[in-house]
Amino acid sequence: MPLPSLPERFAGDPGPLGIDLHMHSTASDGALAPAEVVSLCAARSVRLMALADHDTMAGVNEAGEAAARLGVCLLPAAELSTRWQGVGIHVVALLPQGVSGALEEGLKAQARAREARAEVIAERMEKLGLGDALAKAREQAGPHRPLGRPDFARALVAAGLVPDMATAFRKHLGSGKAGDVKAHWPALDEVVGWVVEAGGVAVLAHPLRHGLTRRKRGQLLDDFAAAGGQAAELVSGFQNADVTRDLARQLDERGLYASLGSDFHFPGGHLAPGSMSPVPRTAVPPVWTHPRLAGFVAAGCDAPTPGAL
Ligand code: AMP
Ligand code: MN
Ligand code: MN
Ligand code: MN
């Protein structure tokens, strides 16, 4: 595959960079099959991508085959659920060397945690009037993918208990509500350890999306960096430009690299692969220039053998 020409620094280009390191497929709560996400990336001129499904890499092999066919550079990845100071924090693991060591067992534990958590969420949804909640969420998800809160949200809508997904999250499943069950997730620093040990880059996902104060966000970034985390999403979807510049300062102060992603889940919404706010001119280095990723990209993004995923 020809080398994708990737910017060495963020110069403040107003247009899209053709890079998206955070998207979802039907392997977790996305609407498109992994190969379809890759096709859409190719059609939208995204040349470097990461499929970051929640707590699973089940879609990465299919995506990798499509990426090789379409000339897109695919970084093996997953978005891992963790806990930090009572907040559910997500870590995008960029894994040029695939899965090994503690991460291998960690991914299995995440799958078990998601199952046990779904049972607790189901009990809580039953108390809110959704009879047979686990079966109804499974009906929404289909037979294959691990259950997540969106499946319960859809079941609440289908049962007529709430008018739409947004209300389901606002009243019952969003941060601090009955269905926001976090106890099953491992601590942030443990998960960062798995990723670093596997030769990967740990990226703190969407740090602006937790409603944290600037100070608390700084503490999160401190703890994340202290655990060995190397990067954070400077841009996640669409966000305020002043806030982005301020976040860039917080990354710069801690020597963190900057990643970016749409957090794309389904077509037809306001987000598409590669669509996000522009990255401002900043001294914070792009995550693909990190020594653990630069070689992978320069080598034409040769994915590890499927067995290593
Ligand atoms: P889980 O991974 O099971 O904790 O579910 C979290 C997922 O729910 C996120 O990754 C989003 O895809 C989705 N989600 C979170 N908040 C909302 C919301 N307000 N409306 C729709 N979907 C949401
Ligand atoms: Mn999601
Ligand atoms: Mn997330
Ligand atoms: Mn995501």
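Every number for a ligand or one of its atoms is a count from 1 in the order of the listing. Note: hydrogens, waters and symmetry copies are ignored here, and every other heavy atom, side chains too, is used. All values reported here derive from a predicted model rather than from experimental measurement.
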Quiz prompt | N-O pairing of R145 and D151 below 4.0 Å | solution = yes
Quiz item: How far apart are the closest heavy atoms of T56 and A27, and which atoms are they?
Solution: CG2-O, 3.5 Å
Side chains of residues 264-279: which donor-acceptor partners sit under 3.5 Å, not counting sequence neighbours?
residue	atom	partner	partner atom	Å
H265	ND1	D263	O	2.9
H265	NE2	D29	OD1	3.0
S275	OG	A272	N	2.7
S275	OG	A272	O	2.8
S277	OG	Q239	N	2.8
S277	OG	Q239	O	3.2

Quiz item: Among V60, N61, V99, whose side-chain contact (heavy atoms from CB on, under 4.5 Å) with P76 holds?
Solution: V60
Practice problem: Scan for ring-ring contact (aromatic ring centres under 6.0 Å, His included) pairs involving residues 207-260, sequence neighbours excluded, and state none if there are none. | Solution: H206-H210, Y257-H290
Quiz item: Between R149 and D180, is the closest basic N to carboxylate O distance under 4.0 Å?
Solution: yes
Quiz item: N/O/S atom of H265 under 2.8 Å from the Mn ion (ligand 2), yes or no?
Solution: yes
Practice problem: Check all N, O or S atoms of D29 and name the one closest to the Mn ion (ligand 2). | Solution: OD2
Under 3.5 Å donor-acceptor pairs involving side-chain atoms of residues 83-94, not counting sequence neighbours:
residue	atom	partner	partner atom	Å
R83	NE	W185	O	2.7
R83	NH2	W185	O	3.3
W84	NE1	D223	OD2	2.8
Q85	OE1	K216	NZ	3.3
H90	ND1	E79	OE2	2.9

Quiz item: Around the Mn ion (ligand 3), how many protein N/O/S atoms fall inside 2.8 Å?
Solution: 3
